[in-house]
There are 2 protein chains.
Amino acid sequence: MLGKTTEYALRALVYVYMQNIKGKRPGYKEISKEIDSPEQFTAKVLQNLARAELVSSVKGRGGGFFFDEPTNPITLFKVIEAVEGKEYFSKCGFGLKRCDANNPCPLHDNYAPVREAFYEMVNKMTIQSLANKINKHEATLSRI
Amino acid sequence: MLGKTTEYALRALVYVYMQNIKGKRPGYKEISKEIDSPEQFTAKVLQNLARAELVSSVKGRGGGFFFDEPTNPITLFKVIEAVEGKEYFSKCGFGLKRCDANNPCPLHDNYAPVREAFYEMVNKMTIQSLANKINKHEATLSRI
DNA sequence: ATATAAAAAGACCTACATGTCTTTTTATAA
DNA sequence: TTATAAAAAGACATGTAGGTCTTTTTATAT
Ligand code: FES
Ligand code: FES
């Protein structure tokens, strides 16, 4: 459903948050190693997220990525929107130019509720809530 | 959620079925015009669907695309599987190598039900049921 | 038999997602 | 103030989805 770029973004931000809690500011080399993603491309993804102000960064010795206000939760929706674009949850599933409930495609009545459930899910979940699951050993950040 | 190729495939098959009911066998030129898709690429998509035995075709004068057994319903799942690949509904939403409910990623518990709802939806809906909605004027095949 | 109309096939092209390499900038430690 | 370690930036490379063009094959009408 989501592109690889978005997957890297989610995993990277979760790792950054987990390290921030421990008072650390990881760099892209460490991040990419821990989340099993391509190093340079992960740097690019994090740069874009920083430009979108979803994460902060400091250059130079001792620098790295971090959250300015770790208490301000970042929904997965914000990340998806930043990476995949604003239209992700409003496109017609049948490929028509617009999704229009008043003049629907034959998929709409069944598709829209699924799309809506996904939308609500990613608005409920946050980078922080994902990180907490991992810290409670209820989930894993990467897999061999 | 679905790629453009899958969208063309769904719209094309629905149109083919609607014409079959009227005793006609449309060609790719007519099909692409009616579903508003690129002509040659639609031909390619239909060729692939024919190879996957989701639709039949006859060459030569008076030829075109048609369903051998129009009463045998084709689920949207079959089309998605043929175009997007077998893994489409089993991939981990967080990008881990496998989806594993026993060793889940932090998205799994919330993501899997949405993915499952989508899966059930596309297994319930068929090319025939979509065409029927259009014939009953409850839905539209294309949009200006 | 021949002409015609159609799909099949395959070479080719384009745009975009994904990924890598090198250079530049900048903050900090020594 | 110099060396160093880090992100930022941008050029470059690769892979894949999406799309076009031309030629070949084949079924049918004449
Ligand atoms: S009109 Fe197609 S999904 Fe809404
Ligand atoms: S393990 Fe990630 S979705 Fe199942």
Side-chain angles (χ1 to χ4, degrees), chain A residues 1-13 15-16 19-20 24-33 35-68 80 82-85 87-88 91 95, chain B residues 1-13 15-16 19-20 24-33 35-68 80 82-85 87-88 91 95:
Chain A
M1 308 263 227
L2 300 170
K4 289 192 194 188
T5 306
T6 305
E7 293 171 352
Y8 298 152
L10 293 172
R11 300 214 299 278
L13 292 179
Y15 181 72
V16 168
Q19 292 309 112
N20 283 184
K24 294 178 187 167
R25 275 190 314 213
Y28 69 85
K29 290 180 189 177
E30 175 187 345
I31 296 169
S32 65
K33 202 171 291 174
I35 70 170
D36 189 26
S37 64
E39 189 175 285
Q40 298 290 342
F41 189 63
T42 304
K44 271 281 149 72
V45 172
L46 283 162
Q47 273 170 41
N48 290 333
L49 293 171
R51 249 190 289 250
E53 299 185 47
L54 289 183
V55 73
S56 304
S57 66
V58 281
K59 291 185 182 183
R61 195 171 185 142
F65 293 90
F66 66 100
F67 292 100
D68 240 326
I80 294 169
V83 180
E84 306 269 356
E87 308 302 297
Y88 192 75
K91 278 187 300 192
Chain B
M1 308 264 228
L2 300 169
K4 288 191 194 187
T5 306
T6 306
E7 293 171 352
Y8 298 153
L10 293 173
R11 300 214 300 278
L13 292 179
Y15 182 74
V16 169
Q19 293 310 111
N20 282 185
K24 295 179 186 168
R25 274 191 315 213
Y28 68 85
K29 290 180 190 179
E30 174 186 345
I31 295 169
S32 64
K33 202 170 292 176
I35 69 170
D36 188 26
S37 64
E39 189 176 287
Q40 297 290 340
F41 189 64
T42 304
K44 271 280 152 74
V45 171
L46 283 163
Q47 273 170 41
N48 290 333
L49 293 171
R51 250 191 289 248
E53 299 186 47
L54 290 183
V55 73
S56 302
S57 66
V58 281
K59 291 185 184 183
R61 196 172 184 141
F65 293 90
F66 66 99
F67 292 99
D68 240 327
I80 294 169
V83 179
E84 305 270 353
E87 308 302 298
Y88 192 76
K91 277 188 300 192

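Naming convention: chains lettered A, B, ... in sequence-line order (proteins, then strands); numbering from 1 in each chain.
Separating the CG atom of A/N48 from the P atom of C/dG19 is a distance of 14 Å, rounded to the nearest angstrom. Atoms CG (A/L49) and P (D/dA7) sit 14 Å apart, rounded to a whole Å. Between A/R11 atom CZ and C/dT18 atom P the separation is 12 Å, expressed in whole Å. Atom CD in A/Q47 sits about 13 Å away from atom C1' in C/dT20, given to the nearest Å. Between the CG atom of B/L46 and the C1' atom of D/dT20 there is a distance of 16 Å, given to the nearest Å. Going from atom NZ of B/K59 over to atom P of D/dA29 covers 18 Å, rounded to whole Å. When rounded to the nearest whole Å, the span between NZ of A/K4 and P of D/dG15 equals 12 Å. One interatomic measurement links the two molecules: CD1 of B/I35 to P of D/dG19, which rounds to 11 Å at whole-angstrom precision.
Under 4.0 angstrom from either OP1 or OP2 of C/dT18 there lies at least one side-chain N or O belonging to A/T5. The side chain of B/R51 contributes an N or O atom lying less than 4.0 Å from OP1 or OP2 of C/dA9. Listed pair B/S57 / C/dA6 fails the phosphate criterion, with no side-chain N or O lying under 4.0 Å from OP1 or OP2.
Residue order along DNA chain C, read from the 5' end via each residue's closest nucleotide, puts B/G60 first among B/G60 and A/Y8. Taking the nucleotide of DNA chain D with the nearest heavy atom to each of B/Y28 and B/F41, the more 5' of the two is matched to B/F41. Between A/K44 and A/R61, it is A/R61 whose nearest contact on DNA chain D lies nearer the 5' terminus.
Partner of A/L13 under the side chain to side chain contact (heavy atoms under 4.5 Å, CB included) criterion, out of A/V55, A/V45, A/I31, A/I35: A/V55 alone.
With rounding to the nearest 0.5 Å, the separation of CD1 in B/I80 from CG in B/L10 is 6.5 Å. For the atom pair OG of A/S32 and OH of A/Y15, the computed distance is 10.0 Å after rounding to the nearest 0.5 Å.
Scanning both residues, B/F67 and B/V16, for their nearest heavy atoms gives CE1-CG1, 3.7 Å.
Comparing C/dA8, C/dT22, D/dT20 against the side chain of A/Q40 picks out C/dT22 as the nearest.
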Inset, instruction - Could you please spell out the steps behind the side chain to side chain contact (heavy atoms under 4.5 Å, CB included) verdict for A/Y28 and A/Q40? - result: CA-CA 8 Å; A/Y28 69 85; A/Q40 298 290 342; 4.2 Å; yes
